[in-house]
Amino acid sequence: MKSIGSNVFVVLPPSTVHGAVIFGKNSDRPQNEVQEVIHVPGKSFSSGDKLECTYIEVPQVEATKAVILSKPSWMWGAEMGANEDGVVIGNQPVSTVVTDESPDEERLLGTDLVRLGLERSSSASEAVNVITSLLEEFGQGGPCSDYLSLSYHNSFLIADAKEVWVLETGGRLWAAECVTGGTRHISNRLSITTKIDRMSENLKQYAKDKLQWDEGTELNFSKLFSNANDEMACLSLDHRILEDKIAQVEKFSAENMFEILRDKKSSICKPSIDGDDFATTASHVSVILPKDSEKPSCHWFTGTPDPSLSVFKPFIFTPNVTISRHTISPTFDEDPAKVKPRFQKAVAREHNLYRLHRAAVIDKINVLNQLQEMEKSCVQDVEKFLDTFQPGQSLSEVDDLLKDVVETEVKFLK
């Protein structure tokens, strides 16, 4: 089994279009795992209500935010997504030396924490508080695949229009770094060193007692807590890829992030290859616009594997937004007595767009190239809409934006 090697990127102003924060993530997951794109409206709940996450229950909050999620169809949590207030989160698996609790024991998954952070936060800073509070109370753990032996700790890149937070965890311990400019990237190794802006209350005591940290020296989170013997900790990426792309363009845009996520040479994009258990199963880009501009943020999702062969499709939160049924997986009976073999299970979860895309990769590759031309036209249309958008203007004309683009893609693929 080859190791996961997902990547999350962010570029902050002033290098970006519209003064936006631009987020991008490739979700590298087990091959043939279907990732669906769903929209969940905000809801109100009664006191005492419980929320069933992938494995455990947690108390529900009084009200949740509307969210758009890209998620493995078998779990409650999400790999990446955004909420109506312009908060965007993606997570990464990491390996640490914290072994107080078995990572195989069912608790909250990192993907559960992504979704909980999005549903319960109005800012990136608040999302850090939400995720860390839940992490400390309930812990993290449990199988991260429904057919591979896979469990891990998590790091998160959390962004809004004002700031970006990198949150890295080991068990119930955590450290967070605030990023206010330039670029940032996380992958499958701890990256926070000595710039720690928030941390769990007992982090230093744990480092002193268990990791022989000398209180007279600066605490380096990555150096102390990384599991150097794990394959994931050895993964690295040339950090110049973002800087090189920024240097080539006047202002970094969503399309520039698409290019980075499609880069096979760097292994950022991992196509399906025989013998490798992991591939890029879905991708997400967000252009998060400053709230004082009163222009809506736009979030782009593939909903299909391998971004070099997929189309990024736009979504904008509106009061009456709709999405297409073609990106939503059918429900699947998880009764242990009825569990199907791996391939049958994967096929049972295929949403219509995934199924048509998989067939097109085999015998309609020219159609996929045509669809990427459609993507360019769609980007231009969205840019024009944002350029001309006026404060107070109705968003009703983009209620069906994602739905229309998905259904156009489906017609091409049939």
Side-chain angles (χ1 to χ4, degrees), residues 6 25-41 52-55 64-83 88-91 109-119 143-148 261 272 278-286 299-307 309-317 321-334 340 342-361 371 400-410 413:
S6 302
K25 177 180 175 179
N26 274 352
S27 174
D28 294 348
R29 298 281 306 175
Q31 284 208 43
N32 301 318
E33 182 184 76
V34 178
Q35 200 154 142
E36 59 183 344
V37 177
I38 67 169
H39 170 255
V40 184
E52 184 70 34
C53 298
T54 302
Y55 295 123
T64 58
K65 308 287 183 183
V67 294
I68 182 78
L69 306 171
S70 185
K71 58 181 288 294
S73 59
W74 66 272
M75 65 171 63
W76 181 82
E79 275 280 294
M80 48 207 177
N83 75 16
V88 179
I89 309 177
N91 81 307
L109 292 178
T111 46
D112 293 334
L113 291 167
V114 169
R115 181 167 177 176
L116 288 161
L118 290 170
E119 290 190 346
C144 300
S145 168
D146 61 342
Y147 61 81
L148 292 180
L261 298 184
S272 298
F278 297 94
T280 302
T281 56
S283 303
H284 165 201
V285 169
S286 280
H299 313 282
W300 301 78
F301 296 89
T302 61
T304 52
D306 190 346
L309 297 174
S310 291
V311 177
F312 284 92
K313 297 163 279 286
F315 174 90
I316 292 174
F317 283 97
V321 70
T322 62
I323 68 167
S324 172
R325 60 184 174 81
H326 294 298
T327 66
I328 301 172
S329 293
T331 55
F332 183 70
D333 190 345
E334 290 291 359
K340 300 179 180 181
R342 170 178 170 176
F343 178 74
Q344 289 178 300
K345 186 184 292 187
V347 170
R349 292 198 177 100
E350 291 181 355
H351 50 74
N352 196 39
L353 180 63
Y354 182 100
R355 180 179 58 80
L356 291 170
H357 180 269
R358 178 168 55 81
V361 168
L371 282 167
D400 300 328
L401 181 60
L402 177 60
K403 179 181 179 181
D404 290 345
V405 178
V406 167
E407 294 186 355
T408 299
E409 182 178 359
V410 167
L413 294 175

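Counting begins at 1 with the first residue of the sequence.
Closest heavy-atom contact between A66 and F317: O-CE2, 3.6 Å. For R349 against S73, the heavy-atom pair with the smallest separation is CD-OG, 3.0 Å. When all heavy atoms of R115 and A78 are compared, the closest pair comes out as CB-N, 4.2 Å. When all heavy atoms are compared, the tightest approach of L118 to G81 is CD1-C, 3.5 Å. Here the closest heavy-atom approach between residue A82 and residue V88 is recorded as CB-CG2, 3.8 Å. Contact detail for V114 and G90: the closest heavy-atom pair is CG2-C, 4.5 Å.
Using a 4.5 Å heavy-atom cutoff, the side chains of H357 and P305 are in contact. Within the 4.5 Å cutoff, no side-chain heavy atoms of V361 are placed close to those of T304. I89 is not listed as a side-chain neighbour of L113, based on a closest heavy-atom distance of 4.5 Å or more. Counting heavy atoms from C-beta outward, F301 and L402 have side chains that stay 4.5 Å or more apart. Residues V410 and L353 are in side-chain contact: their nearest non-hydrogen atoms beyond the backbone lie under 4.5 Å apart. S329 places none of its side-chain heavy atoms less than 4.5 Å from the side chain of W74. Using a 4.5 Å cut-off on side-chain heavy atoms (C-beta onward), H39 and I68 make contact. Looking at heavy atoms from C-beta onward, F278 lies in side-chain contact with P30 at the 4.5 angstrom threshold.
Considering only residues two or more places apart in sequence or on other chains, K403 meets the salt bridge (charged side-chain N to carboxylate O under 4.0 Å, His left out) condition with none of them. In this structure T111 satisfies the side chain to side chain contact (heavy atoms under 4.5 Å, CB included) test together with M75, E79, N91, L109, sequence neighbours excluded.
Judged by distance alone, the side chains of D306 and T280 never bring a donor and an acceptor atom under 3.5 Å apart. With no hydrogens or angles considered, no side-chain donor-acceptor pair links S27 and H284 at under 3.5 Å.
In this structure a side-chain-to-backbone donor-acceptor pair under 3.5 Å is missing from S283 to T302.
Taken from CG in L116 to SG in C53, the straight-line distance is 4.5 Å, to the nearest 0.5 Å. For the atom pair CG of N83 and OG1 of T64, the computed distance is 10.0 Å after rounding to the nearest 0.5 Å. Atom CG in N32 sits 5.5 Å away from atom OH in Y147 (nearest 0.5 Å). With values rounded to the nearest 0.5 angstrom, I316 atom CD1 is found 12.0 Å from D400 atom CG. For the atom pair S272 OG and Q31 CD, the distance stands at 4.0 Å (nearest 0.5 Å). Taking CH2 of W76 as the start and CG of L69 as the end, the distance is 8.5 Å to the nearest 0.5 Å.
Considering V34, V37, I38 as possible partners of K71, the one that fulfils the side-chain contact (heavy atoms from CB on, under 4.5 Å) test is I38. Applying the side chain to side chain donor-acceptor pair (under 3.5 Å) test between S70 and each of Q35, K25, H299 identifies Q35 as the sole match.
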